[in-house]
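Here the structure is laid out as structure tokens; the discussion comes afterwards.
Counting starts at 1 for both ligands and their atoms, following the listed order. Side chains included, hydrogens not; waters and symmetry mates left out as well; all remaining heavy atoms used. Every value quoted in this text rests on a predicted model; they were computed, and no experiment measured them.
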Amino acid sequence: MLRVTDKLLEVLSEGLGLDRKVLKSHMGDGAVELEMKINMYPPCPQPQLALGVEPHTDMSALTLLVSNDVRGLQLWKDDNWVAVNYLPNAVFVNIGDQMEVLSNGKYKSVLHRSLVNKERLRISWAVFIAPPHEAVIGPLPELVDEQNPAKYSTKTYGEYRHRKFNKIPQ
Ligand SMILES: O=C(O)CCC(=O)C(=O)O
Ligand SMILES: [Fe+2]
């Protein structure tokens, strides 16, 4: 997971036109945190009346997601919920809130939700890749100038989490 994370951060830095090491260095360098959450969605007799996970964006910078072969994840794209296909042996990569902030909005934190299934149990394993709580996260200085003002405030990741959990505006 750490090797994949390093590679993704390098590619995403290059995508911003920056040196490969920039995103990692702003995420605490070697201190980047990986947090795993296992979601279990038992079969539901009336799946149209329930959601597995409410629509949300992840607080992390990136989320790596693996699931069993039951579909359920949906992304909000072009004003519609779009189902994510199950792909064997694939890891899904979601952009999270910290990446949107660091990139000053060039990468968008994806709104997503999960549905439940009438017949089958669904399990997903999410690994949230996040800066340490004390890391100060804001738009990368390399991306901000007079023509491109900062679109997000700068604060520690711990402060961001506190605000998001308590529904305080960022
Ligand atoms: O189960 C899924 O596919 C998504 C779960 C999720 O969005 C989350 O745990 O943050
Ligand atoms: Fe999520």
Quick one: look at [X] and ligand 1, take heavy-atom pairs under 4.0 Å, and tell me if it's side chain, backbone, both or neither.
X    : answer
L65  : side chain
F128 : side chain
K37  : side chain

side-chain contact (heavy atoms from CB on, under 4.5 Å) between R122 and L115, worked out: CA-CA 9 Å; R122 178 165 185 272; L115 306 183; over 6 Å; no
Pairing of R113 and E54 as salt bridge, 4.0 angstrom limit: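 Not counted as a salt bridge, because no side-chain N and carboxylate O are separated by less than 4.0 Å.
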Vertex the Fe ion (ligand 2), arms to D58 OD1 and H112 NE2, rounded to 10°: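 Angle OD1(D58)-the Fe ion (ligand 2)-NE2(H112): 90°, rounded to 10°.
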Any side-chain heavy-atom pair of M40 and L121 under 4.5 Å: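 Sidechains of L121 and M40: in contact.
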As an exercise, identify every atom of ligand 1 less than 4.0 angstrom from a heavy atom of [X].
X    : value
H56  : 6 (C), 7 (O), 8 (C), 10 (O)
N39  : 1 (O), 5 (C), 9 (O)
H112 : 7 (O)

Protein heavy atom at shortest distance from atom 3 (O) of ligand 1: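 For atom 3 (O) of ligand 1, the nearest protein heavy atom comes out as R122 NH2, 2.9 Å.
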K24 and D6: CA distance, side-chain angles, deciding distance, side-chain contact (heavy atoms from CB on, under 4.5 Å) verdict: CA-CA 7 Å; K24 187 174 176 182; D6 277 357; 3.3 Å; yes
My understanding is that only one of [options] makes a side chain to side chain contact (heavy atoms under 4.5 Å, CB included) with [X]; could you say which?
X    : options            : answer
V116 : P43, P45, P47, P42 : P47
H26  : S13, P131, P141    : P141
H112 : L65, T63, L73      : L73

The Fe ion (ligand 2) to H56: nearest N/O/S atom name: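 For H56, the N/O/S atom sitting closest to the Fe ion (ligand 2) is NE2.
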Test item, R113 contacting ligand 1 (heavy atom, 4.0 angstrom):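 It does not, in that no heavy atom of R113 comes within the 4.0 Å cut-off of ligand 1.
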